[in-house]
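Written out below as structure tokens is the structure these notes cover.
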Amino acid sequence: MSIYDTLNSQQQEAVFRTEGPVLILAGAGSGKTRVLTHRIAYLIEEKGVNPWNIMAITFTNKAAEEMRDRVDKLVGFGAESVWVSTFHSSCVRILRRYIDRLGYSNNFTIYDTDDQKTLMKDICKRLNIDTKVYKERAIMSAVSSAKDELISPEAYELSTMGDFGKKKIALAYKEYQKQLKKNNALDFDDLIVKTVELFQACPDVLESYQERFRYLMVDEYQDTNTAQFKFVSLLASKYQNLCVVGDDDQSIYKFRGANIGNILGYEKVFPNAKVIKLEQNYRSTQNILNSANEVIRNNLGRKSKTLWTDNEEGALLHFRQFMNGFEEAEYITGDISQKVREGECSYKDCAILYRTNAQSRLFEEKFLMSNIPYKMVGGVNFYARKEIKDLLAYLKTVDNARDDIAVRRIINVPKRGIGLTTITRVQDYADANGISFYDALRTADEIPSLGRGAAKIRPFVTFIQSLRSKAEYLSVTELLDDIIEETGYVADLKAEDTDEANARIENIDELITKVVTYEEGTDTPSLGEFLEEVALIADIDTVDSNSDRVLMMTLHSAKGLEFPYVYMAGMEDGIFPSYMTIVADDPTEIEEERRLCYVGITRAMKDLTLTCAQQRMIRGETQYNKVSRFIREIPRELVDMGQSFQERKVKDIPLPSGFQQMRQAFKSQAFQPRQFEVKKSEGLSYGVGDTVKHIKFGVGIVENIAEGGKDYEVTVNFDKAGVKKMFASFAKLKKI
DNA sequence: CAAGCCATAAACCTA
DNA sequence: TTATGGCTTG
């Protein structure tokens with residue numbers, strides 16, 4: 001009995017076919033990670049391949065770690081020499097070694113989205129591009145897509161062909177790359193692009209990596225872009241042992257340049273490719289799987305496959321519609337805490353998935369209120385917080401003073417009386433003399449236009465210089481402590497003594513912890529390596545599967561994960577699918593949303609709840625959305641329609657049958673007054689003279705109720721807030 | 001010349 | 001509802 005006997009025959013085929021190009025079409029939950037890990041084990045143990053010659057590329061660091069763990073368990077020795085990492089960290093490792101061949105220096109900095117934006121803003125100013133007409137964001141995304149497609153600034157310029165707007169972008173693109181190089185910095189896209197450039201410019205480097213990585217495996221292949229594809233195909237072009245695993249139905253990163261053609265056209269690029277389909281699902285119940293199949297069936301342009309499972313039929317899916325987002329959140333949190341209380345599951349078995357991060361706030365509030373432990377993935381990235389970025393900018397400045405963005409970020413943090421005017425003058429001087437911003441600062445005394453300003457700059461330069469010499473012998477932890485101490489960063493926050501300032505201090509403490517953890521866990525810790533690790537960290541990477549908390553995240557972040565109980569919230573047209581894709585001319589955009597829905601449904605192992613709200617506050621405005629079209633695509637016999645929260649609270653109203661309610665939900669236009677009429681008659685549980693409670697204004701007495709069109713207008717005299725008029729359906733008054 | 005205040009615009013998903 | 005930029009004031 002070998003470890004391979006536990007695989008089904010398709011999985012075995014995928015494992016045993018080690019030579020030549022292989023495309024594994026792996027449906028959701030079909031055990032692809034298992035296949036990949038077993039394949040690595042097979043290569044090492046049965047084929048005698050040196051682990052050193054194997055490379056596996058995953059989507060996130062978390063997935064890489066997980067894969068390494070599993071390979072470790074499967075293979076007795078040598079597993080640690082297998083190169084398992086993400087595209088980005090693989091490329092960084094290669095570039096750290098060879099990027100000098102492209103004229104950068106090897107200690108380059110990595111710019112995150114914020115840094116990119118700062119730089120782009122700068123460039124627009126410099127090139128006199130009116131950011132009212134051409135938004136930095138739009139320019140950036142144009143540049144980014146160009147890079148994803150491996151279009152150089154020069155090639156982009158040629159393609160503009162008299163298009164005035166594109167010409168501006170071409171100009172900005174060119175200047176942007178020039179500045180990056182001057183700052184000795186790369187953005188995320190560059191990490192891939194420059195590696196490809198390196199391979200193309202230096203055949204000897206390419207050759208050495210081709211020899212090293214004789215067996216290549218790429219996970220989540222459907223989300224690779226053109227540049228990434230070029231990267232792997234260059235590496236694989238010598239030995240052709242490229243095994244890619246993906247699912248075209250789970251391609252959800254088109255907006256980021258993912259080229260679904262990479263998977264649909266794989267056989268064209270590698271004509272002798274062996275295609276293997278994994279269609280047996282080991283994760284979900286039949287009901288969940290059938291729903292997913294029915295939804296995704298509505299997409300054209302996909303490789304046909306139908307997932308099936310031996311698992312039991314399982315519970316029906318649940319669908320619940322609520323009056324508003326508050327009730328939706330209340331229901332989901334209540335449902336989770338009930339399940340936990342009754343011992344059905346623990347918190348970590350549950351996940352709430354939503355389309356946009358903004359939807360998380362209501363859940364967060366409810367979780368806090370009901371004392372439920374939770375962890376939110378995404379939102380404002382820890383490393384994007386101001387205080388963290390400030391401190392990191394100090395570290396970056398010490399590490400690479402050519403990084404103008406970092407230097408300019410901290411030159412006046414804390415306040416040193418160096419303002420925009422001074423900075424501009426220094427920048428002009430630097431540009432005129434072809435030196436970096438920091439070098440200009442060092443010679444501030446020689447800049448005539450500065451005048452008195454030069455005196456303010458001097459202490460800053462001295463400070464940085466002393467940090468740099470200390471960096472020679474101090475650990476990263478000590479260096480960071482020194483920076484915090486000398487700048488008085490934490491001391492200033494303490495003096496502020498607001499909740500916000502305290503939260504910032506906590507974040508800084510966390511950063512210190514992270515530095516300490518890093519230094520303890522590495523044999524040869526270095527400042528540069530720490531900064532690099534920080535730059536490439538994704539939110540999902542920090543999720544600890546051991547702690548017992550409810551997870552909440554966007555549908556995108558949920559890819560690759562699974563949970564026994566899944567709640568998909570905000571299932572409304574306009575939210576999911578998003579408004580943008582509904583009004584778009586391009587029908588494939590809806591298809592991408594549908595794939596996202598498919599990803600969401602297939603995260604669930606046992607139980608899936610779909611919820612939506614009739615009205616929802618979006619950026620301070622109330623919107624009325626109809627039930628998501630994706631709900632309609634799920635056969636109703638697979639769904640339990642339940643009773644809405646509203647109706648459960650008002651017991652004396654006879655409940656409509658689930659079927660009727662569903663029909664109504666499906667029929668409902670964006671907003672039907674008739675529906676409101678129903679709510680109106682059943683809604684008010686209070687009358688004139690009753691004491692009521694309002695969520696914000698507190699306790700008050702109802703003075704008047706007036707019929708106003710589709711709603712009641714209630715006048716309440718609040719103890720604290722005074723007399724207020726409000727609409728009954730919005731105010732959510734409770735009789736006490 | 002810098003710092004604070006007010007008006008205004010903009011909002012998806014991300015390594 | 002929040003972030004950004006312009007404007008005013010010290």
Side-chain angles (χ1 to χ4, degrees), chain A residues 57-64 85-92 110-114 116-118 121 125 131-132 135-138 140-141 144-145 147-148 186-192 220 223-225 227-228 251-258 325 353-362 377-381 383-384 386 412 414-425 450-453 456 532-541 553-559 570 574-582 584 589 592-593 595-597 599-600 616-623:
Chain A
I57 299 179
T58 59
F59 198 71
T60 62
N61 294 306
K62 185 180 155 73
S85 68
T86 63
F87 272 105
H88 295 273
S89 33
S90 303
C91 288
V92 171
I110 301 167
Y111 276 2
D112 65 18
T113 320
D114 265 11
Q116 288 179 49
K117 205 170 158 198
T118 312
K121 218 182 260 173
K125 209 176 283 170
T131 50
K132 288 257 160 52
K135 305 240 161 60
E136 304 108 1
R137 215 182 131 88
M140 273 166 56
S141 76
S144 174
S145 346
K147 289 186 182 182
D148 290 341
L186 301 187
D187 66 18
F188 285 125
D189 301 315
D190 275 346
L191 295 177
I192 317 289
E220 307 284 7
D223 287 320
T224 53
N225 61 34
Q228 289 163 333
S251 161
I252 53 174
Y253 283 105
K254 205 175 109 204
F255 71 91
R256 203 171 77 185
L353 309 181
Y354 37 75
R355 181 69 229 286
T356 66
N357 276 312
Q359 288 166 257
S360 64
R361 229 194 68 232
L362 291 175
V377 179
V380 182
N381 186 327
Y383 292 101
K386 184 185 177 302
N412 202 27
K415 303 261 179 285
R416 298 187 176 92
I418 304 170
L420 201 63
T421 334
T422 314
I423 292 174
T424 316
R425 285 179 184 161
L450 279 185
R452 283 180 300 134
K456 292 179 175 156
E532 172 181 320
E533 212 162 274
V534 160
L536 295 178
I537 218 143
D539 272 308
I540 197 78
D541 296 337
M553 66 186 97
T554 63
L555 287 151
H556 281 90
S557 319
K559 193 180 65 162
I575 305 276
F576 185 35
S578 77
Y579 178 74
M580 299 282 279
T581 59
I582 293 175
E589 295 209 9
E592 174 133 331
E593 295 281 297
R595 289 194 291 270
L596 192 55
C597 182
V599 168
R616 190 181 288 278
M617 282 273 266
I618 306 281
R619 52 172 201 259
E621 253 174 87
T622 307
Q623 271 186 12

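Below, chain A is the first sequence line, B the second, and so on; all start at residue 1.
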Sorted by chain and number, sequence neighbours left out, salt bridge (Lys or Arg N to Asp or Glu O under 4.0 Å) with A:R361 holds for A:E365

So which protein N/O to nucleotides 3-10 of chain C N/O distances come out below 3.5 Å?
{"residue": "C:dG5", "atom": "OP1", "partner": "A:K121", "partner atom": "NZ", "Å": "3.1"}

With sequence neighbours left out, the residues meeting salt bridge (Lys or Arg N to Asp or Glu O under 4.0 Å) with A:D148 are none

**Message:** What's the gap between B:dC13 and C:dT4 when it is taken at their P atoms, as a whole Å value?
**Reply:** 15 Å

Quick tally for nucleotides 9-15 of chain B: nucleotides whose base has a protein heavy atom under 4.0 Å get B, sugar-phosphate-only ones S, the rest -, giving -SBBBBB

By salt bridge (Lys or Arg N to Asp or Glu O under 4.0 Å), A:E136 pairs with (sequence neighbours left out) none

Is it true that, when you exclude A:K254 itself, more than 12 heavy atoms of the residues, nucleotides or ligands shown sit nearer than 6.0 Å to its NZ? yes

By side chain to side chain donor-acceptor pair (under 3.5 Å), A:D189 pairs with (sequence neighbours left out) A:S144

For A:S85, the side chain to side chain donor-acceptor pair (under 3.5 Å) test, sequence neighbours excluded, returns A:W83, A:S90

With sequence neighbours left out, the residues meeting ring pair (Phe, Tyr, Trp, His ring centres under 6.0 Å) with A:F576 are A:F630

Taken in chain and number order and not counting sequence neighbours, the residues that satisfy salt bridge (Lys or Arg N to Asp or Glu O under 4.0 Å) with A:K135 are none

Applying side chain to side chain donor-acceptor pair (under 3.5 Å) to A:D187 and not counting sequence neighbours gives A:K147, A:Y176

Restricting to nitrogen or oxygen on both sides, can you table the protein-nucleotides 2-8 of chain B pairs closer than 3.5 Å?
{"residue": "B:dA2", "atom": "OP1", "partner": "A:G419", "partner atom": "N", "Å": "2.4"}
{"residue": "B:dA2", "atom": "OP1", "partner": "A:T422", "partner atom": "OG1", "Å": "3.3"}
{"residue": "B:dA2", "atom": "OP2", "partner": "A:T421", "partner atom": "OG1", "Å": "3.1"}

note: A:Q359, atom CD; C:dT1, atom P; distance rounded to Å ~ 17 Å

Residue set satisfying ring pair (Phe, Tyr, Trp, His ring centres under 6.0 Å) with A:Y253, at least two apart, ordered chain then number -> A:F59, A:F255, A:H556

